[in-house]
Amino acid sequence: MGRSVAEITLAHPVEAAPTAADFTLIHRDLPDNPPQGMVHVRLLWLGLDPYLGPRIRGRHMGEPRPVPGGPLPGEGVCQVLASAADGFQPGDYVVTEAGWAEEAMVPAETVRRIDPSLGLTAQLGLLGMPGVTAWAGITQLAKVQAGDVLCINAAAGVVAGTAGQIAKAAGARVIGIAGGPDKCRLALEQYGFDACVDYRLEGWQQQLADLSKEAGGFSIHFENVGASMLQVALPLLRPYARVVLCGLAEHYGAGTPAMINAGMIMFRRATVHGLIVYDFIPRRAEWVEMARPLIASGALREANDVAVGLQAAPAQLEKVVRGQSNGRALVRVAGDAA
């Protein structure tokens, strides 16, 4: 007989930054039992990342463009309802891409079992792709050490928040840049940054320059926004600083190139690292083991921006694309999600 489940899909092809009006609610029939090699899951939490904007437009790392009526990308925490694959049992908590749907049948090879004792939402933030991104940039590329001074923008976001906390745990000083008092407050009070500059206020560049001078220059800059912010940060680096290019949020919707000041990089003798998280996903377990004691001690904390209900997902993604989310953008899909 099968069962009908609600799902959010694209209403039409998207050419610009996606808005809530670009999505529609449909119902999809699922079989009673999963086919061989498949796992039947119920979506509890859906994570929404900035990369989904260009991904939906077909402009992200060569990944396939979602089609209207087809499943949308985005990792979710799910619970297994039934399995026709070895290694999964009903009741297991897992992370997979199940589309923006109440329930789905997914290939077993795309499903990763998780430890729910570390928290379900943490699996999409601190311990998910954003956390791996932060860990890779700070420990594997920038190689943070005690005494470093880190400058990081988009400071209220989960990547920056996690990166800053990793740096703090290593003995570094962390200076954030964020837009608005609420985001700066989150960086200071939740993530424990040493200072946070509000780029919406007049004179913020001078405030950042003063913090850099006080610290003897920034030894690490972690870029999440793009060319305009990088242009401000480069002159504030100390010699032989390390720069990690992680995100280009300001360029995702506009499609403008991210130009870099090569002369200033040479003058500062800086080393620049391009960060692609997919290079480090196979090493996720290393980050989880490092994070486990930090979470237990309270040195690593999450901040989530939660919308409730599957139908809230399009508006929540629009907030992410516009840079309006405050913390990790999540959608609580199932009413009893822990």
Side-chain angles (χ1 to χ4, degrees), residues 50 61 133-157 159-179 183-184 187 191 193-277 279-280 323:
M61 305 294 295
T133 303
W135 166 78
I138 292 296
T139 70
Q140 304 303 298
L141 299 182
K143 300 187 184 301
V144 66
Q145 301 175 19
D148 273 323
V149 182
L150 168 67
C151 175
I152 188 165
N153 49 39
V159 171
T162 306
Q165 291 178 91
I166 295 170
K168 288 286 293 181
R173 179 175 170 82
V174 179
I175 310 299
I177 305 171
K183 291 188 176 185
C184 286
Y191 298 146
F193 285 17
D194 296 284
C196 189
V197 175
D198 184 350
Y199 71 80
R200 294 180 179 173
L201 296 181
E202 184 177 353
W204 73 270
Q205 293 100 329
Q206 185 58 53
Q207 184 183 355
L208 189 67
D210 291 344
L211 288 166
S212 172
K213 183 177 180 181
E214 175 186 311
F218 301 132
S219 58
I220 301 173
H221 176 68
F222 199 108
E223 183 57 58
N224 291 306
V225 177
S228 65
M229 286 288 182
L230 185 60
Q231 190 73 8
V232 173
L234 286 177
L236 306 181
L237 302 180
R238 66 178 65 165
Y240 301 100
R242 294 91 80 195
V243 177
V244 177
L245 302 179
C246 176
L248 301 171
E250 73 178 349
H251 304 282
Y252 290 155
T256 55
M259 306 302 291
I260 191 167
N261 187 337
M264 184 57 68
I265 291 171
M266 291 177 63
F267 183 65
R268 295 301 187 203
R269 294 83 155 172
T271 301
V272 179
H273 299 273
L275 171 55
I276 301 298
V277 67
D279 296 341
F280 297 92

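Just the heavy atoms: all of them, side chains too, but no hydrogens, waters or symmetry mates, feed the values below.
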How many angstroms lie between CG in Leu234 and CD in Glu223, if you round to the nearest 0.5 Å?
8.5 Å
Tightest non-hydrogen contact, residues Val174 and Ala167, listed as CG2-CB, 3.9 Å
Enumerate the side-chain hydrogen bond (donor to acceptor under 3.5 Å, both in side chains) contacts for residues 232-247, please, sequence neighbours excluded, ordered by first and then second residue.
Asp148-Arg242
side-chain contact (heavy atoms from CB on, under 4.5 Å) filter on Tyr199, not counting sequence neighbours, yields Ile177, Trp204, Met229
Is any side-chain heavy atom of Leu275 less than 4.5 Å from a side-chain heavy atom of Phe280?
yes
Going by the rule side-chain contact (heavy atoms from CB on, under 4.5 Å), which residues pair with Ala178 if we only count those two or more places apart in sequence or in a different chain?
Ala155, Lys183, Cys184, Cys196
When rounded to the nearest 0.5 angstrom, what is the spacing between CG in Leu141 and OG1 in Thr271?
11.0 Å
Please check if the side chain of Tyr191 supplies one atom and the backbone of Ala156 the other of a donor-acceptor pair under 3.5 Å.
yes
Working to the nearest 0.5 Å, report the span between CD1 of Ile152 and SG of Cys246.
7.5 Å
Are any side-chain N or O atoms of Asn261 and backbone N or O atoms of Gln231, one a donor and one an acceptor, separated by less than 3.5 Å?
no
Between Gln205 (side chain only) and Gln207 (backbone N and O only), is there a donor and an acceptor less than 3.5 Å apart?
no
Looking at residues at least two apart in the chain, or sitting in another chain, which of them share a side-chain contact (heavy atoms from CB on, under 4.5 Å) with Ile260?
Leu230, Leu245, Ile265
Nearest heavy-atom contact between Val149 and Gly217 is CB-O, 4.1 Å
Using atom types as modelled and distance alone, determine if a side-chain donor or acceptor of His221 lies under 3.5 Å from a backbone N or O of Cys151.
yes
Roughly how far apart are Asp279 CG and Thr133 OG1, rounded to 0.5 Å?
10.5 Å
Could you check if a side-chain atom of Leu208 sits within less than 4.5 angstrom of a side-chain atom of Phe218, using non-hydrogen atoms only?
yes
Using the salt bridge (charged side-chain N to carboxylate O under 4.0 Å, His left out) rule, collect all pairs that involve residues 161-171, keeping only residues at least two apart or in two chains.
Lys168-Asp194
Under the 3.5 angstrom rule, does the side chain of Ser212 hit a backbone N or O of Leu236 as a donor-acceptor pair?
yes
Do any N or O atoms from the side chain of Gln165 and from the backbone of Gly161 form a donor-acceptor pair under 3.5 angstrom?
yes
All pairs passing salt bridge (charged side-chain N to carboxylate O under 4.0 Å, His left out) where residues 226-235 contributes a residue, at least two apart
none
Are any of the side-chain heavy atoms of Leu150 and Val144 separated by less than 4.5 Å?
no
